[in-house]
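Working notes, structure below.
Basis for what follows: all heavy atoms, side chains included, without hydrogens, waters or symmetry-related copies. Keep in mind it's a predicted model, so treat the numbers as computed, not measured.
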Amino acid sequence: MSDVALELDRVYKKFKKGEVYDSLRDLIPAAARRLLGRGASRDGGLEAREFWAVRDVSFQVPRGQAFGVIGANGAGKSTILKLLSGIMRPTRGTLTVRGRLSALIEVSAGFHPDLTGRENIFLNGTILGMTRREIAQRFDAIVAFSGLEEFIDTPVKRYSSGMFARLGFSVAAHVDPDILIVDEVLSVGDFVFQQKCIERMTSVIRGGATVIFVSHNLRAVAELCPRALLMERGQAVAIGATDEVIRTYLERAEARRDQDRPGGVSVTRVEVRDAASGNARAHFASGDRVRVDIEVVSRGRFERLAVVLGLKDGNEYNIFNASSESLTGSSFALEPEEARTCTFELQLHLAPGRYRFCTWVFRYDSETLYDHWESAATIFVSHETDVRGVANLYPTVQLGPARPAARQSAPAANA
């Protein structure tokens with residue numbers, strides 16, 4: 001069996017925008033053009049109303065690996081998943097899927113609204129390729145995982161979107177697939193259930209299966225997937241290590257947002273220094289004090305400004321945020337062509353890892369964002385003690401001597 005679970009090789013998928021014909025006079029020429037193959041543009045054979053939802057996308061996913069797909073809404077992520085799951089066929093290119101595939105792409109996909117949860121488990125399980133015997137054997141585990149025991153005999157048309165997601169994922173995850181495809185539908189579930197889903201996907205991967213995970217939750221993608229793909233307007237713009245792909249995504253998103261900002265005040269320099277020596281550094285020990293210099297320059301007169309400093313961990317989770325206004329109790333103003341440096345001093349009570357500073361210039365009373373650096377500076381924190389997580393609480397432990405365990409008395413019998 002190949003080590004590659006699925007592969008896309010120069011895959012294209014096009015769709016046609018809605019057409020409205022007000023008269024037979026318009027309909028007959030349009031039909032004739034389609035039959036004769038006329039009306040195509042130079043853009044790869046597209047007609048006037050057609051567009052590429054996916055264009056020239058190629059990648060491989062090894063067996064037993066989690067692979068993330070990220071991007072803005074409308075980037076083509078869900079189209080790729082529908083191609084992989086066989087719901088759609090590519091317009092061009094080749095697509096290879098090796099193994100039994102289970103997909104959760106739309107919350108209500110495979111459910112009949114008038115059937116109960118119990119009946120829909122058998123219906124959806126059959127659609128996903130399980131036999132009736134397999135479904136019956138796993139039925140209790142599916143229901144227990146979903147947490148819908150109380151409502152399992154209720155018609156699903158009375159379910160909330162979160163209940164749909166619970167039941168759909170529970171069925172898909174118990175197919176024992178070679179490949180599990182999960183779309184953003186998990187975002188409608190509660191936090192506890194989302195964590196259960198991540199744990200289940202991790203268990204599926206440990207069992208040798210492959211997971212394709214589409215989500216706007218960058219932290220979840222970073223935790224689960226070692227590699228990822230960034231889609232933008234139907235094209236693959238980055239593929240590789242997840243942290244690098246996420247960084248590219250944030251930087252490109254930030255560049256697009258810059259066009260919509262009022263401007264006038266810009267962050268021109270960010271420097272991280274050791275507080276004791278004043279030297280610029282990128283590597284620190286846990287507990288070190290650091291200074292972060294942020295220089296802003298104004299091209300006009302602006303009032304009530306604040307400089308904000310944030311810190312994210314390697315999973316893109318916001319772990320710290322403070323502003324010059326909240327710390328000093330006042331904002332500041334800048335005249336035309338005037339610069340000011342704001343220096344934050346921090347103590348790095350952080351666990352070992354990679355962290356990233358971001359900074360922005362903000363006016364709180366009008367909620368105006370003037371400038372934002374998403375990747376202003378990266379630092380690395382180390383510590384001799386192996387502690388995990390984000391914060392370092394500098395733990396110590398004392399191990400007492402071994403002693404005979406106290407014998408527990410038997411519980412008294414009820415009279």
Between the side chains of [Y] and [X], is the shortest nitrogen-to-carboxylate-oxygen separation below 4.0 Å, so that they form an ion pair?
X      : Y      : result
Glu271 : Arg291 : no
Glu149 : Arg118 : no
Asp288 : Arg281 : yes
Asp176 : Arg138 : yes
Asp243 : Arg354 : yes
Arg252 : Glu232 : yes
Arg247 : Glu374 : no
Arg340 : Glu295 : no

Output the distance between atom [atom1] ([X]) and atom [atom2] ([Y]), rounded to the nearest 0.5 Å.
X      : Y      : atom1 : atom2 : answer
Asp183 : Ser78  : CG    : OG    : 4.0 Å
Arg158 : Asp114 : CZ    : CG    : 9.0 Å
Asp365 : Glu303 : CG    : CD    : 10.0 Å
Arg10  : Leu95  : CZ    : CG    : 15.0 Å
Met201 : Leu180 : CE    : CG    : 7.0 Å
Ile152 : Leu167 : CD1   : CG    : 5.5 Å

Looking only at heavy atoms, what is the nearest atom pair of [X] and [Y], with distance?
X      : Y      : value
Thr94  : Val11  : O-CG2, 3.3 Å
Pro177 : Ala209 : O-CB, 3.3 Å
Thr359 : Ala376 : CG2-CB, 4.1 Å
Ala351 : Gly389 : CB-O, 3.6 Å
Phe284 : Asp274 : CE2-CA, 4.1 Å
Tyr159 : Phe164 : O-CE1, 4.0 Å

Would you say the side chain of [Y] lies within less than 4.5 Å of the side chain of [X], judging by non-hydrogen atoms?
X      : Y      : result
Arg200 : Phe169 : yes
Thr210 : Ile212 : yes
Leu123 : His112 : yes
Phe344 : Val307 : yes
Val54  : Trp52  : no
Lys82  : Ile80  : no
Leu6   : Ile179 : yes
Trp373 : Trp360 : no

Might you confirm whether atom [atom1] of [X] has over 12 heavy atoms from other residues, nucleotides or ligands at distances under 6.0 Å?
X      : atom1 : result
Glu367 : CD    : no
Arg363 : CZ    : yes
Glu335 : CD    : yes

We want to know whether [X] and [Y] form a side-chain donor-acceptor pair, criterion being a heavy-atom distance below 3.5 angstrom.
X      : Y      : answer
Thr341 : Asp293 : no
His383 : Tyr394 : no
Ser266 : Thr268 : no
Gln347 : Arg289 : yes

What's the verdict on side chain to side chain contact (heavy atoms under 4.5 Å, CB included) for Ile70 and Ile246, showing C-alpha distance, side-chain angles and the deciding distance? CA-CA 8 Å; Ile70 63 175; Ile246 289 176; 4.1 Å; yes

Just by distance, do the side chain of [X] and the backbone of [Y] share a donor-acceptor pair under 3.5 Å?
X      : Y      : answer
Tyr249 : Glu244 : no
Thr242 : Arg227 : yes
Thr343 : Val292 : no
Arg273 : Ala280 : no
Asn120 : Thr116 : yes
Asp371 : Val267 : yes
Ser277 : Asn279 : yes
Thr126 : Phe122 : yes

Please step through side chain to side chain contact (heavy atoms under 4.5 Å, CB included) for the pair Leu8 and Ser58, ending with a clear verdict. CA-CA 5 Å; Leu8 276 73; Ser58 302; 5.5 Å; no

For His216 and Lys77, run side chain to side chain contact (heavy atoms under 4.5 Å, CB included): C-alpha distance rounded to whole Å, both residues' side-chain angles, the deciding distance at 0.1 Å, then the answer. CA-CA 11 Å; His216 291 293; Lys77 307 184 299 297; 3.9 Å; yes

Step by step, would you call Arg98 with Asp178 a salt bridge (charged side-chain N to carboxylate O under 4.0 Å, His left out)? CA-CA 8 Å; Arg98 300 181 177 92; Asp178 298 310; over 6 Å; no

Does Tyr355 have its ring centroid less than 6.0 Å away from the ring centroid of Phe380?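 Here the rings of Phe380 and Tyr355 have centres that are no less than 6.0 Å from each other.
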
Stepwise side chain to side chain contact (heavy atoms under 4.5 Å, CB included) check, Phe357 with Val270: CA-CA 9 Å; Phe357 284 113; Val270 177; 5.5 Å; no

Test His372 against Phe362 for ring-ring contact (aromatic ring centres under 6.0 Å, His included), laying out the working first. CA-CA 9 Å; His372 184 192; Phe362 194 70; 10.0 Å; no

Working note: Arg206 + Glu199, criterion salt bridge (charged side-chain N to carboxylate O under 4.0 Å, His left out); need CA distance, chi angles, decisive distance, verdict. CA-CA 11 Å; Arg206 288 174 182 160; Glu199 292 170 3; over 6 Å; no

Should the ring pair Phe145 and His174 be called parallel, tilted or perpendicular, given that the plane angle runs from 0 to 90° and is split at 30 and 60?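 Aromatic pair Phe145/His174 classed perpendicular.
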
For Phe302 and Tyr370, run ring-ring contact (aromatic ring centres under 6.0 Å, His included): C-alpha distance rounded to whole Å, both residues' side-chain angles, the deciding distance at 0.1 Å, then the answer. CA-CA 10 Å; Phe302 293 90; Tyr370 290 99; 5.3 Å; yes

